Q: 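Before I ask anything, here is the structure I am working with.
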Amino acid sequence: MDFTDQLLHWYQKNKRDLPWRNTTNAYYIWLSEIILQQTRVEQGTPYYEAFIENFPTLKDLATANEDAVLKLWQGLGYYSRARNLHAAAKTIYFDLNNRFPEKYSDIIQLKGIGPYTAAAIASFAFKETVAVVDGNVFRVLARFFGIYEDTAVAKNRTIFQNLANELISKKEPDLFNHAIMDFGAMVCLPANPKCSTCIFNVNCVAFLRNETSILPTKNKKISIKNRYLNYLILRKNHEIVIQQRTEKDIWQQLFELPLIETPSNNEEKLFTDLSNRFPNSTIKKVTANSIKHKLSHQQLHINFYEIDIAAFAPNQQKVSLNDLHKYAYPIVIWNFLKDFFKLEKN
DNA sequence: AACGCGGGGTC
DNA sequence: GACCCAGCGTT
């Protein structure tokens, strides 16, 4: 048996039973694929369930407002996925007469859909013979065939794409794509792969050369920068001020509190500035130690300052504590608010 | 071609 | 800490 037949045989016995595999509904498959971009199945599954519950049809998603979509996405990260998902739903519903495109070349035109996601939808929903190439596929192919090219380099992607397109089952492209990803997620793991029981251990290049720890090759250098975020709880009785982020920065379109970002953790200067800005208020730092929150490229140091004010400014968006839960926040902010104000809801 | 974008899990 | 996860859009 060749690689493809062995893999399909393995899949038949070991496949995971995942909710989006019990449908050929392109909308549901698309939804699952967007949610799962750079996201583990265990983390994404509850969000998938919530989305199909709240937006059972593509029309429901297309006609929702963006804030509602973001609220449902709260905590999942990479929020542009939610905004692009919503934009693409509107495109399909309003511009394409509610017909989901059925070919890879058309699917990939939609916002938020790249080569991986287009291949996934085209094969799973429409049985098109086009191979998915994701982190799992890089790993399985690099190890089995001994491919040393750096997967972080864009042009090397075609090596893997072409190989996968040769290997894919022409009869069951959807099963092959599921199979190779399941295999990468269950056997050919990033660290400590299960080689001793692997069906390919007699002819896997990486295993035979004892190179599973260096394959696939991936040289990605990312620099982490520190940011110091000081949030103001501007409070009058049961109302506080919130605002929506807009700039090209993290957490676009999500809500937060009035923010003072400083180049370093200079508490004295911040207190001086706040005292000048709120001369008649008591300013209380409510985070004993700054909250540390790590993003992929940033280390955040977050503090909250409670300030009772006499009146809200006309340009400020005030919200009752009872309504705070209606807005989408970065999860680190929401967790703080929930705890600080003893809120129950999501 | 390189970088920015979240949050959580694993080792 | 470092790395990874059903990647994509922007520059």
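Labels below follow one simple rule: chain letters A, B, ... track the order of the sequence lines, proteins then strands, and each chain is numbered from 1. Please read all numbers here as calculations on a predicted model, not as lab measurements.
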Q: The side chain of A/Tyr78 is closest to which nucleotide in this list: C/dC8, C/dA6, B/dG6?
A: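 Taking heavy atoms from C-beta onward, the closest nucleotide is B/dG6.
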Q: If you look at every strand shown and take non-hydrogen atoms under 4.0 Å, does A/Asn177 touch a base, only sugar-phosphate, or nothing?
A: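 Here A/Asn177 touches no strand at all.
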Q: Write down the distance between CZ (A/Arg227) and P (B/dG4), rounded to a whole number of angstrom.
A: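 Distance check: A/Arg227 CZ to B/dG4 P gives 12 Å.
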Q: For A/Gln298, which contact category applies under a 4.0 Å heavy-atom criterion: base, sugar-phosphate, or nothing?
A: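 Result for A/Gln298 = sugar-phosphate.
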Q: Heavy atoms only, 4.0 Å cut-off, all strands: where does A/Trp73 land among base, sugar-phosphate and nothing?
A: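 Answer is nothing: A/Trp73 stays at 4.0 Å or more from every strand.
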Q: Between B/dG7 atom C1' and A/Ile35 atom CD1, what is the distance in whole Å?
A: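 To the nearest whole Å, that distance equals 15 Å.
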Q: Within this structure, what is the CD1-to-P distance between A/Ile222 and C/dC5, rounded to whole angstrom?
A: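 In whole Å, C/dC5 P lies 13 Å from A/Ile222 CD1.
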Q: In whole angstrom, what separates A/Ile29's CD1 from C/dA6's P?
A: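 Distance check: A/Ile29 CD1 to C/dA6 P gives 18 Å.
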Q: What is the nucleic acid contact for A/Gly75, judged by heavy atoms within less than 4.0 Å: base, sugar-phosphate only, or nothing?
A: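 If one applies the 4.0 Å heavy-atom cut-off, A/Gly75 turns out to touch the sugar-phosphate alone, with no base involved.
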Q: Testing A/Leu31, A/Asp60, A/Thr23 one by one against A/Ile52 for a side chain to side chain contact (heavy atoms under 4.5 Å, CB included), which residue passes?
A: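 Output: one option passes, namely A/Leu31.
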Q: Would you please confirm or rule out a distance under 4.0 Å between OP1 or OP2 of C/dA6 and any side-chain N or O of A/Arg16?
A: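 Result: no.
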Q: Base, sugar-phosphate, or nothing: which does A/Ile113 touch, judged by heavy atoms less than 4.0 Å apart?
A: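 Here A/Ile113 touches the backbone only, sparing every base.
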Q: Do A/Thr39 and B/dG6 share a donor-acceptor pair, side chain to base, under 3.5 Å?
A: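 In this structure, the two groups form a donor-acceptor pair.
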Q: For the CG atom of A/Leu85 and the CZ atom of A/Phe51, what is their distance to the nearest 0.5 Å?
A: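 Separation between the atoms: 6.5 Å.
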Q: With a 3.5 Å distance limit and no angle check, can you tell me whether A/Thr217 reaches the backbone of A/Tyr148 through a side-chain donor-acceptor pair?
A: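 Pair found, side chain donor or acceptor close to backbone of A/Tyr148.
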Q: Could you tell me the separation between the CZ atom of A/Arg235 and the CD1 atom of A/Ile240, rounded to the nearest 0.5 Å?
A: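 A/Arg235 atom CZ to A/Ile240 atom CD1 measures 8.0 Å (nearest 0.5 Å).
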Q: Hey, which of these two, A/Arg21 or A/Gly112, hits DNA chain C nearer its 5' end, going by closest nucleotide?
A: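 Result of the comparison: A/Arg21.
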Q: When all nucleic acid strands are considered with a 4.0 Å heavy-atom cut-off, which category describes A/Leu85: base, sugar-phosphate, or nothing?
A: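 The residue A/Leu85 makes no contact with any strand.
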Q: Report yes if a side-chain nitrogen or oxygen of A/Gln37 is closer than 4.0 Å to either non-bridging phosphate oxygen (OP1 or OP2) of C/dG7; otherwise report no.
A: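 Answer is no, no contact under 4.0 Å.
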Q: Report the residue (A/His297 or A/Ala154) whose heavy-atom-nearest nucleotide on DNA chain B is the more 5′ of the two.
A: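 In this pair, the answer is A/Ala154.
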Q: Which of these nucleotides, B/dG6, C/dA6, C/dG9, is closest to any side-chain atom of A/Leu295?
A: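 Among B/dG6, C/dA6, C/dG9, the one nearest the side chain of A/Leu295 is B/dG6.
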Q: Over how many whole Å does the gap from A/Met181 atom CE to C/dG7 atom C1' extend?
A: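 Checked: the CE to C1' distance equals 12 Å.
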Q: Nearest whole Å is fine: how far is C/dG9 C1' from A/Ile108 CD1?
A: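 Going from CD1 in A/Ile108 over to C1' in C/dG9 covers 12 Å.
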Q: Mind checking the C1' distance from B/dG8 to C/dG9? Whole angstroms is fine.
A: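 Each nucleotide's C1' atom is 23 Å from the other's.
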Q: Identify whether any heavy atom of A/Val332 sits under 4.0 Å from a base atom; if not, whether one sits that close to sugar-phosphate; answer base, sugar-phosphate or nothing.
A: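 Result for A/Val332 = nothing.
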Q: On a whole-Å scale, what distance lies between the C1' atoms belonging to B/dG9 and C/dC8?
A: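 Here B/dG9 and C/dC8 have their C1' atoms 22 Å from each other.
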Q: Please pick, from C/dA6, B/dC5, C/dC4, the nucleotide with the shortest atom-to-atom distance to any side-chain atom of A/Pro190.
A: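 Comparing C/dA6, B/dC5, C/dC4 against the side chain of A/Pro190, the answer is C/dC4.
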Q: For the pair made of NZ in A/Lys218 and P in B/dC3, what is the distance, rounded to whole Å?
A: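 The distance from NZ of A/Lys218 to P of B/dC3 comes to 14 Å, rounded to the nearest Å.
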Q: In whole Å, measure the gap between the P atoms of C/dA6 and B/dC3 for me.
A: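 Their P atoms lie roughly 24 Å apart.
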Q: Tell me whether the side-chain N/O atoms of A/His293 come closer than 4.0 Å to OP1 or OP2 in B/dG7.
A: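 It does, given that an N or O in the side chain of A/His293 lies less than 4.0 Å from OP1 or OP2 of B/dG7.
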Q: So A/Arg157, base contact, sugar-phosphate only, or nothing? Heavy-atom distance under 4.0 Å.
A: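 Nothing, no nucleic acid heavy atom in range.
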Q: Taking any heavy-atom pair under 4.0 Å as a contact, classify A/Thr117: base, sugar-phosphate, or nothing.
A: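 Since only primed, P, OP1 and OP2 atoms lie under 4.0 Å of A/Thr117, the category is sugar-phosphate.
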Q: DNA chain C: A/Lys248 or A/Phe124, which has the more 5' nearest nucleotide?
A: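 Nearest-nucleotide comparison on DNA chain C picks A/Phe124.
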Q: When rounded to the nearest Å, what value does the distance between C1' atoms of C/dC5 and B/dA1 take?
A: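 Taking atom C1' in both C/dC5 and B/dA1, they lie 23 Å apart.
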Q: Parallel, tilted or perpendicular for A/Phe126 and A/Phe100, by the 30°/60° rule?
A: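 Judged by the thresholds at 30° and 60°, the geometry between A/Phe126 and A/Phe100 is tilted.
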Q: I'd like to know if the side chain of A/Thr4 reaches the main chain of A/Leu167, judged simply by a donor and an acceptor atom lying under 3.5 Å from each other, with no hydrogens or angles considered.
A: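 A pair under 3.5 Å: yes.
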Q: On DNA chain B, compare the nucleotides closest to A/Pro330 and A/Lys155; which residue's is nearer the 5' end?
A: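 Comparing both residues, the 5'-ward one is A/Lys155.
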Q: So, A/Ser290 and A/Lys292: side-chain donor and acceptor under 3.5 Å apart, yes or no?
A: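 Yes.
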Q: Classify the side chain of A/Arg81 and the base of B/dC5 as holding, or not holding, a donor-acceptor pair under 3.5 Å.
A: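 Not at all, since no donor on one side and acceptor on the other fall under 3.5 Å apart.
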Q: Rounded to whole Å, please give me the gap between CZ in A/Phe160 and P in C/dG7.
A: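 That distance rounds to 15 Å.
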